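A quick write-up on the structure given underneath.
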2 protein chains.
Amino acid sequence: MEFYKDEPSTLLAVDCIIFGFDGESLQILLIKRGFEPEINNWSLMGGFVQPDESPDEAASRILYKLTGLNDVYMEQSAVFGKPNREKHGRVVSITYFALIDSKEYQHILSEEFKAKWFPIDDYPPLIFDHVEMINTAKRLLRSKAALYPILFELLPEKFTLPQISSLYEAVYDIVIDKRNFNRKLLSSNLLIKLNEKDKENSKKGAFYYVLNKDIYKDQIMSFLRYLPSWSAQDMGI
Amino acid sequence: MEFYKDEPSTLLAVDCIIFGFDGESLQILLIKRGFEPEINNWSLMGGFVQPDESPDEAASRILYKLTGLNDVYMEQSAVFGKPNREKHGRVVSITYFALIDSKEYQHILSEEFKAKWFPIDDYPPLIFDHVEMINTAKRLLRSKAALYPILFELLPEKFTLPQISSLYEAVYDIVIDKRNFNRKLLSSNLLIKLNEKDKENSKKGAFYYVLNKDIYKDQIMSFLRYLPSWSAQDMGI
DNA sequence: ACAAAAGTGTTGTCTTTACACCCATGA
DNA sequence: TCATGGGTGTAAAGACAACACTTTTGT
């Protein structure tokens, strides 16, 4: 630290924005904050970056510690660092966001942790600028999903076509023509049909599919083009 | 600071990645670092975030101090924070990138500052992980430009159609069919034709255009679709 | 038998691509 | 007059958007 010893240093935090999907609607994972200030108020999962870890590692560690969620694909979102964003001192926060299947983790969350899913448009007041963090991440999610097939990260291992289209409808808040959407989806060769049906949501049952990971890996989907008449503005991306 | 007094704090820096375009090819702005360690080695324009400013403000201040560039549209890129990315101590750096017309600022840079433009694919060795920062920003630039018309920020106030297409060719490293590209560009209504020609680059001269800012403001361009046969993978976005 | 969700085809329109020549000018 | 870069049109192929009915099965 010889050279930089006169430079100011800062508290550096991370906050994790976890979106979830249960087959019907989008949710956001929140937790009752476990430390002061603002203890017991709803917030994102956050904590401080330690000297021996990168911010990415800090985000994974903190998410795991607070929710039990492991191996979650998280991406850097924006940095929030206005000098007065926390009243109690200067903290710069790097936000991360992820997309998961909310059903899959339901039991972990409810048994051991205080984290809870809320509908994406109906959650309690949050501390600091966490609402803004969520909105920024939502925008990023939309534009990323316009170029990359990351939305599949939100689906369980096996999923049905109706589930995918509800997911897109939820993320972009639009109505999709299932005929066109399914056709496009199938023609991408990203999906492998299983000989097995999901009977939970209908009497007829919907076939399960799994991702063809080889193709998925670096394929870009431009589903945005195939949604019914709208412009990207409408979707807020 | 009552609550957080036991938390570790970190040196927080910003680094600015300034892409430039001179009508022909893409460049990157670099500077001979003015402080230890690594003084006099080529680097991005960087410095430390001060207690009374946001990282965004720090980036603008530092860019101005080191290059004289003012009022530049900069966006947050990635955060670099591996514990050992600088040998001399733990520094987490938030990177910012911007796009400017390199000709417009040429005189400022050469007269007062030590900053210098280099071709985007041929610049000297850089300190720390600055090469990785540039590559990440390049990728971000490409994907952003796929959804938003930010590339126009790179053009001078008045520009010609051939300039725009060279810009896209430079950013994506592709060859563009000018007939299709121009047609699409014009049909977007984003451009207003002037009665004035640029005669610098050809004998015939190319008409100048200006941006129709009202439309530009929130319009999304999907020019990517109009470039010749390629897939988004090829472009590395 | 009926309610509820899954699944399936066709057509018209628009967008994209491919392709080659003439124009204006300065040297 | 010629060399240089600017500008323009058309046709074929492919993608998109709009549209409604049949299938399956649990109750």
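Within every chain, numbering begins at 1; the chains are lettered A, B, ... in the order of the sequence lines, protein sequences first and strands thereafter. Just so you know, these numbers use all the heavy atoms, side chains as well, and skip hydrogens, waters and symmetry mates. Everything quoted here is computed from the prediction, not taken from an experiment.
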Calculate the interatomic distance between A:Asn182 atom CG and C:dA5 atom C1'; express it in whole Å.
13 Å
Going by modelled atom types, is there a donor-acceptor pair between the base of D:dA18 and the side chain of A:Asn180 at under 3.5 Å?
yes
Distance-only side-chain donor-acceptor flag, B:Ser166 / B:Glu24, under 3.5 Å
no
State, yes or no, whether a side-chain contact exists between A:Leu140 and A:Phe97 at a heavy-atom distance under 4.5 Å.
yes
Selection from D:dA18, D:dG7, C:dG7 that lies nearest to any side-chain heavy atom of B:Phe207
D:dG7
Tell me whether A:Lys114 at atom NZ has more than 12 heavy atoms from other residues, nucleotides or ligands lying less than 6.0 Å away.
no
What's the CZ-P distance between A:Arg179 and C:dG7, to the nearest Å?
14 Å
Does the side chain of B:Asp56 pick up a donor-acceptor pair with the side chain of B:Tyr96 at under 3.5 Å?
yes
Just how far, in rounded Å, is P of D:dT8 from NZ of B:Lys193?
6 Å
For nucleotides 25-27 of chain D, print each protein N/O atom paired with a nucleotide N/O atom at under 3.5 Å, atom names and distance only.
unit_1, atom_1, unit_2, atom_2, d
D:dG26, OP1, A:Lys199, NZ, 3.4

Could you tell me how far apart B:Glu24 (CD) and D:dG5 (P) are, to the nearest whole angstrom?
10 Å
Send over the distance from A:Ile176 CD1 to D:dA17 P, rounded to a whole Å.
12 Å
Do the charged groups of A:Arg179 and A:Asp177 touch, with an N to O distance under 4.0 Å?
yes
Is it true that A:Phe181 and A:Tyr168 have ring centroids separated by less than 6.0 Å?
yes
Short N-O contact, B:Glu169 and B:Lys178, less than 4.0 angstrom:
yes
Here the distance between atom P of C:dA4 and atom NZ of A:Lys178, to the nearest Å, is 16 Å
Would you kindly give the NZ-to-C1' distance between B:Lys184 and D:dG7, to the nearest whole Å?
19 Å
Would the base of D:dT10 count as contacting B:Arg183 through its side chain, where contact means a donor and an acceptor less than 3.5 Å apart?
yes
Write down the distance between CZ (B:Phe159) and P (D:dG6), rounded to a whole number of angstrom.
15 Å
